[in-house]
Amino acid sequence: MKPFTEDVIRVIRNIPKGKVLTYGLVAALAGHPGAARQVARVLHTMSSAHNLPWHRVINGQGKISLPPAGGYEIQKKRLESEGVEFGRSNRVDLKQVLWDISSLDDIENGTV
DNA sequence: CCACTGACTACTT
DNA sequence: CAAGTAGCCAGTG
């Protein structure tokens, strides 16, 4: 399996409930800063196979990048169910819901 | 190996 | 705040 893909999946799997991460952040945590776009690809490719919480991954503007016909509503509802609040522009307060990277610890393990 | 594509990000208008 | 432009990197053909 592609190392990059594995790392990305690992990171996403460690995102706590009620928190979100941006593509760029996930890529950085995976050890590939700047590869935000590939994170998106991994999500699309592995989400179903790995049962990942892909809905906890949004873009750097605190918004969902998916088109209305691509699962946008689903992601929004799932996040709201976890306590994530959406503003009038369908944006979330990153300061509030963005995962506190300081809590990172199990990712190096990869034992999940 | 080269070229194209993409759930992105940052900067500028 | 919204829209356009340029730079990014990895996966796929």
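Reminder, nothing fancy here: chain letters follow the sequence lines and each chain counts from 1. From a predicted model like this one, the values you see are computed outputs, not experimental measurements.
Non-hydrogen atoms lying under 4.0 Å from DNA chain B are contributed by Ser65(A), Leu66(A), Gln75(A), all within residues 62-76 of chain A. Of all the residues in residues 77-98 of chain A, not one reaches under 4.0 Å from DNA chain B with any non-hydrogen atom.
On the nucleic acid side, DNA chain C contacts chain A at distances under 4.0 Å to non-hydrogen atoms, with the end points of that region at dG7(C) to dG11(C).
In this structure, Met46(A) places its CE atom 16 Å from C1' of dA7(B), rounding to the nearest Å. One atom, CG of Leu43(A), and another, C1' of dC8(B), lie 12 Å apart when rounded to the nearest Å. Leu25(A) places its CG atom 12 Å from the C1' atom of dC8(B), with the value rounded to the nearest Å. What separates CD1 of Ile12(A) from P of dA7(B) is a distance of 14 Å, to the nearest Å.
Position along DNA chain B of the nearest nucleotide to Arg41(A) versus Ile58(A) favours Arg41(A) as the more 5'-ward residue.
Side chains of Leu25(A) and Val39(A) form no contact here, defined as non-hydrogen atoms less than 4.5 Å apart. Contact check for Ile15(A) versus Val20(A): no side-chain heavy atoms found under the 4.5 Å cut-off. Between Asn14(A) and Ile12(A) the shortest side-chain heavy-atom distance does not fall below 4.5 Å. Using a 4.5 Å cut-off on side-chain heavy atoms (C-beta onward), Trp99(A) and Leu29(A) make contact. The side-chain heavy atoms of Asn90(A) and Ile64(A), taken from C-beta on, include no pair separated by under 4.5 Å.
For the salt bridge (charged side-chain N to carboxylate O under 4.0 Å, His left out) condition, the pairs that include at least one residue of residues 43-68 of chain A, sequence neighbours left out, are Arg56(A)-Glu82(A).
For the salt bridge (charged side-chain N to carboxylate O under 4.0 Å, His left out) test, no residue two or more places apart in sequence or in another chain qualifies with Glu85(A). Partners of Glu6(A) according to the salt bridge (charged side-chain N to carboxylate O under 4.0 Å, His left out) rule, which considers only residues two or more places apart in sequence or in another chain, are Arg10(A).
Within 4.0 Å of Thr22(A), counting heavy atoms only, lie sugar-phosphate atoms of the nucleic acid but no base atom.
Judged purely by atom type and a 3.5 angstrom limit, Lys17(A) has no side-chain atom pairing as donor or acceptor with the backbone of Gly83(A). When atom types are taken as modelled, the side chain of Gln96(A) and the backbone of Lys19(A) share no donor-acceptor pair closer than 3.5 angstrom.
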